[in-house]
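Atom set for the values below is all heavy atoms of this structure, side chains included, hydrogens, waters and symmetry mates excluded. For this chain, numbers begin at 1 and follow the sequence in order.
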Amino acid sequence: MRGGEFLLEDEEINNLLRFHHDYPQIQQLASENLQFFVTNFEIIAQWLTSIEFITTYKAKAHPYPPLLNPKQVDYRQIPAELAWRINLPLQETYKFIWFHKGASAGGATMEFFKKCGILAPNHGGDSFFAYKQMYETKQDKIAYIYPLNWKESHYKFAHLITKKCPIFWIMRDPISVLKTLLNHIENYTAESYILPIQKSFNLTTPYSFPMPFYYYCDMKHYPRVEFLENLLNAQQNWGLKERLEKFKGQASEFVCIEFNAMSLENAFETFKKLSKKFDFAPPKEQDRNFFSHRFNIANGELLALPATLYADSKDIENMFCATEPLKNIPNTDSIGSGIPIVISKLSLQEDKENYKDITREMIGEIVELESQFDDLLVLIESENYIKLQKNKVLYNAVRKYLQGYVKALIRHAKDINSRLISERDILDFLKTQPALRQRLAEKLDDELQFVKEHHKEYLKKWKYYQEFLKMM
């Protein structure tokens, strides 16, 4: 480097780098992709000195200029890793752009798109993951855009999305959004605090379930409204105004729907409408039930699922019984070798078709009485089901154990839910916090600008937001 410039021995290369001395992104690209830059110098030089490059990228100080002309590149010959490094925009084969909005039916919407054959890569950690998936797949796909100021890779990914197309997102009462976020567990490392015995067990194992940690509540075991300020400081929860500004020139239209459209009652019909608007395969009638179940378990009440019971006859005499917990001695000998039976939830079980569903015969009476848990599943491979049916003693033992397990799981879930924060808790807390209240109002002024201008009818539906306004 000399005077901020990256220089090589070859004079032609140095002339090109000097030509772009006032465009540091080119200096950086050359230094970070030196071998590719030197090997392909002739074609790179033609592109970087072209009128098209100068007017499209340099004149606008584009932060991620491509080293090759995207219109002339054979994408099949360039691996995704290299394409990302040299800032190649994604081919414009995606249907539309979807803006991430936390705690606004994002998890369910992701699953519904999958059900309709649409890839929407979730890339909270690193946008290269989404770029690579979209770059390599021929499947119908959409671009999922996170807040740009959260991580540098999100900012880069957004600049590599260039198609003029519709932009879609979901808006929700912001006080309900805050409630859901406060109740959100830390799920990136959840596996590290779930004990192996809580995921795989046998008939001798006492019922045990993990206690979640809550992400925005300083990793406490229970959410606390006092941690509300953490949400205001978390960049990933804001930034809609910035994204709208970034994409306004390439949006063919903005499609902002209200959260209630994604309710259990409305999601199926909503997706039928979206499929027509965005030209993707509509949901199938046979999947209507799939669209009417809660998907997000981010408050941690069913964190143990999916779990596997390994059923073995040799454990029957020593089987755990909740009413007499001290009578048996747990052992792990048959874990991994007995008949595997999966306890899961509809939204967690993508390969349900490979199993026989024995939910009704094992725990049917329980879930009928507990309607909020009616999407629990008990699954077994068909060959193993035949084996289990032939062994009536083992079959009855499995049924008894599973009924005890599910009852204990439901008690655990209800205990978790009883400790969660409500919208009322948040509003009551804000009444005592004028400075925090003002900060939130300022955040919401930006976040709700589009809704205030184009969807005032949404504001009228938002009961808790209306109560918040009365405090100001």
- Query: Going from CG on Leu181 to OG on Ser176, what distance comes out if it is rounded to the nearest 0.5 angstrom?
  - Reply: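 The CG atom of Leu181 sits 11.0 Å away from the OG atom of Ser176.
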
- Take Arg172 and Glu258, measure what salt bridge (charged side-chain N to carboxylate O under 4.0 Å, His left out) needs, and give me the verdict at the end. CA-CA 6 Å; Arg172 182 185 186 188; Glu258 204 275 328; over 6 Å; no

Measure centre to centre between the rings of [X] and [Y], then say whether the value is under 6.0 Å.
| X | Y | result |
| --- | --- | --- |
| Phe271 | Phe291 | yes |
| Tyr215 | His184 | no |
| Tyr214 | Phe227 | no |
| Phe96 | Phe254 | no |
| Phe129 | Phe157 | no |
| Tyr135 | Trp84 | no |
| Tyr401 | Tyr207 | yes |
| Phe168 | Phe99 | no |
| Trp462 | Phe259 | no |

Electrostatic pair [X]-[Y], nearest N-O below 4.0 angstrom:
| X | Y | value |
| --- | --- | --- |
| Asp375 | Arg294 | no |
| Arg419 | Asp415 | yes |
| Arg224 | Asp218 | no |
| Lys277 | Glu253 | yes |
| Arg399 | Glu365 | yes |
| Lys115 | Glu111 | no |
| Glu381 | Lys356 | no |
| Arg424 | Glu467 | yes |
| Arg288 | Glu269 | yes |
| Asp428 | Lys431 | yes |

Side chains of [X] and [Y]: donor-acceptor distance under 3.5 Å anywhere?
| X | Y | result |
| --- | --- | --- |
| Ser313 | Asn391 | yes |
| Thr205 | Asn202 | yes |
| Tyr395 | Glu361 | yes |
| Tyr144 | His100 | yes |
| Asp374 | Ser371 | no |
| Asn87 | Lys156 | yes |

Near [X] [atom1], under 6.0 Å, is it more than 12 heavy atoms from other residues, nucleotides or ligands?
| X | atom1 | result |
| --- | --- | --- |
| Lys463 | NZ | no |
| Lys443 | NZ | yes |
| Glu383 | CD | no |

Please report the shortest heavy-atom distance between [X] and [Y], naming the atom on each side.
| X | Y | value |
| --- | --- | --- |
| Ala80 | Lys132 | CB-CG, 4.0 Å |
| Phe280 | Leu274 | CE2-O, 3.5 Å |
| Ala441 | Met472 | CB-CE, 3.6 Å |

For [X], run the side chain to side chain donor-acceptor pair (under 3.5 Å) check against [options] and tell me which one passes.
| X | options | answer |
| --- | --- | --- |
| Glu457 | Lys461, His455, His454, Lys460 | His455 |
| Tyr216 | Asn233, Asn237, Asn183 | Asn237 |
| Thr93 | Lys141, Gln139, Lys138 | Lys141 |

- Taking Leu203 as the fixed residue, which of Asn318, Leu402, Leu309 is the one that meets the side-chain contact (heavy atoms from CB on, under 4.5 Å) rule?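 Between Leu203 and the candidates, side-chain contact (heavy atoms from CB on, under 4.5 Å) is satisfied uniquely by Leu309.
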
- Task: Check Val398, Ile341, Val367 against Val378 for a side-chain contact (heavy atoms from CB on, under 4.5 Å) and give me the one that passes.
- Result: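 With Val378 as partner, Val398, Ile341, Val367 yield a single side-chain contact (heavy atoms from CB on, under 4.5 Å), made by Ile341.
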
- Task: Decide side-chain hydrogen bond (donor to acceptor under 3.5 Å, both in side chains) for Ser334 and Asp315; before the verdict, give the C-alpha distance in whole Å, the side-chain angles of both, and the deciding distance to 0.1 Å.
- Result: CA-CA 8 Å; Ser334 62; Asp315 292 327; 2.4 Å; yes

- Message: Before you tell me yes or no, could you show the steps for Thr162 and Glu92 under side-chain hydrogen bond (donor to acceptor under 3.5 Å, both in side chains), namely the whole-Å CA-CA distance, both residues' side-chain angles and the distance that decides it to 0.1 Å?
- Response: CA-CA 7 Å; Thr162 55; Glu92 297 181 353; 2.9 Å; yes

